[in-house]
Amino acid sequence: MTSGIATPRAAGTTDATLLESARRIAATLPDRSLAIETAGTLPADLVDEFARNDLFRLAMPVALGGTGAAPETIVRIVEEVSRGDGATGWSLLIGNIGNAFLAWLDPEVARGLLADTPGMVVAGGQAPLGQAVPKPDGSGYTLTGRWPFGSGSLHAPWFMGGFIVMENGRPRTNEWGAPVMGVAHFPAAQATVDDTWHVAGLQGTGSHDIVVDGIDLPLAHTSVPYFARAPYGDPLYRLTAYNLLLTVMSGFPLGVARRALDEARRQLADRTLTGSGTPYLEDPAVQVAFLKHETALDAARRHLLGTLGELLGTLAHEESDYAERARLAAAIIHVYDVGRELVQGLFRLAGTAAALDTNPLQRCMRDLVAGSQHVAFSFDSRKRIANARLGLQTAPAFFGV
Amino acid sequence: MTSGIATPRAAGTTDATLLESARRIAATLPDRSLAIETAGTLPADLVDEFARNDLFRLAMPVALGGTGAAPETIVRIVEEVSRGDGATGWSLLIGNIGNAFLAWLDPEVARGLLADTPGMVVAGGQAPLGQAVPKPDGSGYTLTGRWPFGSGSLHAPWFMGGFIVMENGRPRTNEWGAPVMGVAHFPAAQATVDDTWHVAGLQGTGSHDIVVDGIDLPLAHTSVPYFARAPYGDPLYRLTAYNLLLTVMSGFPLGVARRALDEARRQLADRTLTGSGTPYLEDPAVQVAFLKHETALDAARRHLLGTLGELLGTLAHEESDYAERARLAAAIIHVYDVGRELVQGLFRLAGTAAALDTNPLQRCMRDLVAGSQHVAFSFDSRKRIANARLGLQTAPAFFGV
Amino acid sequence: MSVTALEKSPIEEAVRLAATLPGRALEVESGRTLPADLVDELRAAGLFSLMTPASLGGREADPLTIVRVVEELTRGDAATGWTVMIGQGAGYLAWLEPDVAREITEATPRPLITGSMAPLGTAVDAGEERIRLIGRWPYTSGCGLSDHLVAGYRPAAGPPRFALLPGAAVTVHDTWHVAGLRGTGSHDIEVTDLLLPSRLTFDPYGPAREDGPLYRLPYMSYLLVAMAGFPLGAARRIVDEYRQIVLGKRNTERTLLSETPIVQAEIARCEATVGAARAFVHEAVAQVWAQTQDGVASPQARALLTGAVQHAMRATLDVADSAMRACGASQLYDRAPLQRYFRDVQTAAQHIAFGLEAQRRVGSVLLGRDVPDFLI
Amino acid sequence: MSVTALEKSPIEEAVRLAATLPGRALEVESGRTLPADLVDELRAAGLFSLMTPASLGGREADPLTIVRVVEELTRGDAATGWTVMIGQGAGYLAWLEPDVAREITEATPRPLITGSMAPLGTAVDAGEERIRLIGRWPYTSGCGLSDHLVAGYRPAAGPPRFALLPGAAVTVHDTWHVAGLRGTGSHDIEVTDLLLPSRLTFDPYGPAREDGPLYRLPYMSYLLVAMAGFPLGAARRIVDEYRQIVLGKRNTERTLLSETPIVQAEIARCEATVGAARAFVHEAVAQVWAQTQDGVASPQARALLTGAVQHAMRATLDVADSAMRACGASQLYDRAPLQRYFRDVQTAAQHIAFGLEAQRRVGSVLLGRDVPDFLI
């Protein structure tokens, strides 16, 4: 993990090299899936390898040592790795999101943290589940909180967690009466990882609860990434934090669904119908289902990449309204929906054999269902995005587009 | 109808002009939909206007007087007109498909027909529902047949119809034991139009049965468009007849579905929930449904246009295998599927008011459901396309990709 | 009209008449309302009097019988089934004072009463126990056939009430130009400044004057009992047509559709979908009816009844779509019953009883939340 | 083991034991099979003897009772319900000669018998009325618990038969590493060169030696009666969990999920979906059973039973997915029953009884096509 990337050499890395590294690593993953799942976390050698190849620095601003990879490249890297193993793809994307949120800290502070922490990966979440009590001297807060779903908690040297500012035992409110919120960064050493991640899907991501109890939180280690963009010119940072987060997440369903197609095609070519003895793959119902899922996935993928490119293009020279920005979130939700339907449908076709853990189709199903349980795809997130799309949103929404 | 396009001036028309004409005409259509539906056919002035603006010559080879419009432009023109009125869009696309099949005649014969028939529009179908008995002197056939779904039968000066060659009262077979088939072209004056088009959807397309009883069919007026490509270099003619036909059809669901979105958005903003009094458009379930349908349509559209462009690009310098060509057909089937779901879903949301014929949402639903009943979207078509996609097709299929 | 005694059971009569309906469907549709002789036959068979009190010469049938009758007729022709279902308005005579109700049935035995429940009328007190009513009601199925019409209105004060309007006092506006249920003549009706005796008005949410258990069904359950047979009959007919088509039609490869695996699986799915919807409606109706014998059915049981009917309508849309998708372009013609049913059920499903709010109310009740009693 | 008389009805026993199961689900799952004390309790309650002939001390229960028992247990814990369903192999004692069967139950009263129907064994005649059997069968739920196992095999000549294998003669290969139904211990079993008396083999497609109507159920119907309760119990529990979660959980806007319109409509839809599936299974089982009283149920009735059970499984998958989508990331944990049921039903639905060919066979029969009798 301390693999000598203290000096950022990232900016010299081309997109092609990054993608090539991702493909190389991905090729090793199918054979390791069961072991990764059993270990319950990303193995240390893979953490190292991602770090060595700058794959945790994809979404960071170049000014902080990011690779400057094109946003589309980030999607494709996450897709490739997720195609190799879903949990590994998830660990990768979450690590990149964690590091991207360093961009909302003061640049000098962020640079300091990165300089002090060679293999920086930030784990944790933005949901305001912590309580920050201001110190009398104004230098910061005392922070207490528990954040579930801390993917990467077992390898990240720094954590983050959303919080509410408390005042006299109650949330401090802003001028609109809403609680004052922020995101805290703190060293993993100050926190406890509570072993809660016993799950069916994405088991290999070590997404335990992160817990802190009354730690010191300097002001400098807090940020407010909910509404304002981070002060960097990289294409990715033209996006709101929410769209940025979703973009980094979007390669996951693409890769897992593609893997499911690969697996199903292979398995269904081998298996025969008991009655007729013909391969499943020659059965009309199977074929029609295949055509439907493959085309829906292709369409969703193309739409995502096209929408991302268009929005970034627009934002390069003008502001964009909520309705336009919501297109990207909608396209990413769509990718998750299509992927989820695909893995469930193909799993169903593959019969009893797919019940076994050794069958990758079954893992694809569990992993993608688990990923799509993320709050970003809940009814209320969808409603928020729809509101923006329909032109009914007129003010910034908490974690809106 | 005889609007002086005997001299092809089409090639001088730019895509932008064609699209502009389509938009201008489309803008007049919403007010005419009920009348078009009641008349049961495309009104003569619209036939004229399409002809005057070269809009029936979109898909013909330039060498025969076609406009040379880019395939994507054809899709967009059909989309725009279908957004104005579904039946009109369908009449337009069918007229263009009819004219495109002139490309499989001997070029001199086709040029002759076009020179003799100023406002050429060909109606009819390729299904081999006619019987052609060879004349003893080898000069041609005696043709008898009935072809249903003859969209444009009331305005087309020429018809076409698929046939089987008969020999001693039975189909003549080729070296593989399959019936010998072809497509006949014959003047409308030699045929009867049997008034059968009493339907719920696409009522305004005049898709009656075309009937001939023992007419003379010169060899020169027959073609075999099932397997071989037509001998023209236009981008559209890089496609198989089947992919060409589907491409011209593909703007229809895009336009009708877009119209349904427009209408639903307008109507649901006006209507309020009885209980809460809030506009339907602010209801979470409505919003989430909207987001889903709009995104699925956007994705399907983008995928169609992208796939079309890619395939044409590949075919410009190399042959493409069945699996690659099947992508285009799959993308077009997907557009119809997504469109059908969209119009049914939005119709459902719009409540009792949508039951009335005056409500365009209801017509969108009927028209798009009717269009998607086309044999190109049947289970066996899908199976054929899937077979090709899966690499299981090894020989040309009747009307395959 | 002379009235003969009702000898056969309503179900027998429904089965008998339903057998004649497929042959008349195009006539019903093109006439945009039920033909007069069919109305006469239905009336003579007591099928517009299923919910009319026995004391007034009606059938006062039990709910399962009502469901079966509407189901059978709808299976014969959806527009006819719908008209008969809406045409049970004479059941509301049970809410009038007995002598007032008797006046009506003496003047017109077994009256055909339809109407519109939406409280779109407004009334002022006109003195001398009369109201002055003005209003326009859309979607009033069978309005042109009706002896009387029930119409919702808001009085000067208090909650909405229903008025029983003489057919002759009502103007019918020819508005029913539609894709589905064309034969139901569901036009707008209007009265302008109608003077009506107050005794011809009533509170449909309150207790009836008749004491049969049928009239103890709360407002919504009473309506749902009448509606429940519609989706069941339509779904049954759709699957019947589906079967017939796939047994006779070949695909482009000349294979009978019934021999193709996708269609076989879809037929199995559709039969089960329809069978399950029907079994659940019957169970839910039976439960409400059982609870009604000793009082008023629980909100839970009533919500399940509504949920069962909504589920049946979804099931019907589902099988209609499956059938259309499988059966291809040959089903586009008006002469194809499948196509008519597709339009009919698409239209029927737009009824407010199947709308967003109606579905949520069922969920609210099942989740133990408070919902105003008259909405359950 | 000592055997006490069975005093309570199987349904009472199932309800009693089911109440203890939610608290043991993690134990069942992590143990990868039912714990011994639970097996003992189920056996003592006669719940592994539902289909065992009364003449052999079994329950010989009627099909609706069998469905209810499996439903109740599955509602308590899906792996337990599944194990009990598969663990009704002692019913096949009805196909052995009575004295042979009695030998078995005298040695082990109310035996627990599971097995695998797939004809994956092969046998040769070993002389002296014995066969020599070799074979390996996958997915044999509860194999580690069984006194005997039923296994399909192909004899040297003729159609497949079943053999009754002594538990001790069978090797269990630990292969059941899965996402769902983990607690069913559905490992591979194997015998290599087992010498078995021919009297311990039988033709499960032919007539039973017992003459109770339960044993007149044709091969597939007999199996489907045992399976039918599983999806019903799982679906019921899933919707119960769904309700509990939405009544307690808030979305990011701090609104209770049960107060949001989408969830309300989904709950209504799911309750109706589950209710309809259940009502139809019960109706179909009752119809097959009624026809069985006088002989053998018709292929149509049997196909509807199969169709009803397949429909119930689809309904179960549907509500499980709806629940997961609505309830969010908090349901990812193994401790969340909803999540376990989601995995369990996804796995159960992979059973061949719900596969493509099984669905098509139902459609084929309903379309009047010929299907080999033993497949219906």
Side-chain angles (χ1 to χ4, degrees), chain A residues 261 264-266 268-269 278-307 309-310 323 326-338 341 377-393, chain B residues 261 264-266 268-269 278-307 309-310 323 326-338 341 377-393:
Chain A
L261 274 172
R265 184 165 176 163
R266 195 179 51 67
L268 294 172
T278 54
Y280 265 79
L281 206 59
E282 293 176 21
D283 183 83
V286 174
Q287 295 187 328
V288 169
F290 232 90
L291 188 71
K292 178 186 83 169
H293 288 305
E294 186 200 44
T295 308
L297 179 64
D298 285 349
R301 181 180 195 273
R302 196 191 287 271
H303 185 52
L304 159 68
L305 294 176
T307 306
E310 283 168 8
R327 269 195 199 283
L328 177 60
I332 294 165
I333 291 172
H334 186 60
V335 166
Y336 271 82
D337 284 349
V338 165
E341 256 191 60
F377 312 111
S378 64
F379 291 138
D380 45 315
S381 290
R382 289 166 193 259
K383 188 181 71 174
R384 210 159 47 233
I385 305 304
N387 243 295
R389 258 317 289 145
L390 289 164
L392 299 172
Q393 185 185 325
Chain B
L261 275 172
R265 184 165 177 164
R266 193 179 52 66
L268 293 172
T278 54
Y280 265 78
L281 206 59
E282 293 176 21
D283 182 84
V286 173
Q287 295 187 329
V288 168
F290 231 91
L291 188 71
K292 177 185 84 168
H293 288 304
E294 186 200 43
T295 308
L297 179 64
D298 285 349
R301 182 180 193 274
R302 196 191 286 272
H303 185 52
L304 159 68
L305 293 176
T307 307
E310 282 168 9
R327 269 194 199 284
L328 178 59
I332 294 165
I333 291 172
H334 186 60
V335 166
Y336 270 83
D337 284 350
V338 165
E341 255 190 62
F377 312 110
S378 64
F379 289 139
D380 43 317
S381 290
R382 289 166 193 258
K383 187 181 69 173
R384 211 158 45 232
I385 305 304
N387 243 295
R389 258 317 288 145
L390 289 164
L392 299 173
Q393 184 185 326

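Just the heavy atoms: all of them, side chains too, but no hydrogens, waters or symmetry mates, feed the values below. So you know, we letter chains A, B, ... as the sequences are listed, proteins then strands, and number each from 1.
With contacts defined as side-chain heavy-atom distances shorter than 4.5 Å, the pair A/Leu392/B/Gln287 qualifies. Looking at B/Leu291 and A/Ile385, their side chains come closer than 4.5 Å, going by heavy atoms from C-beta outward. Residues B/Leu281 and A/Leu390 are in side-chain contact: their nearest non-hydrogen atoms beyond the backbone lie under 4.5 Å apart.
Contact record, A/His303 with B/Arg302: ND1-NE, 3.1 Å, taken as the closest heavy-atom pair. When every heavy atom of A/Pro284 is checked against every heavy atom of B/Lys383, the shortest pair comes out as CB-CD, 3.5 Å.
Contacts with chain A were tallied for B/Ala326, B/Ala285, B/Ala299, B/Ala300; B/Ala299 has the most, counting heavy-atom pairs under 4.5 Å. When B/Ala331, B/Gly306, B/Ala289 are compared by the number of non-hydrogen pairs under 4.5 Å with chain A, B/Gly306 comes out ahead. The residue among A/Lys292, A/Arg301, A/Arg382 with the most heavy atom pairs within less than 4.5 Å of chain B is A/Arg382.
Residue contact with chain A, scored on non-hydrogen atoms closer than 4.5 Å, involves the backbone and the side chain of B/Asn387 alike. B/Ala296 touches chain A through backbone and side chain together, each having a heavy atom under 4.5 Å away.
Of the charged side-chain nitrogens involved, at least one lies within less than 4.0 Å of a carboxylate oxygen, so that B/Arg327 and A/Asp298 count as a salt-bridged pair.
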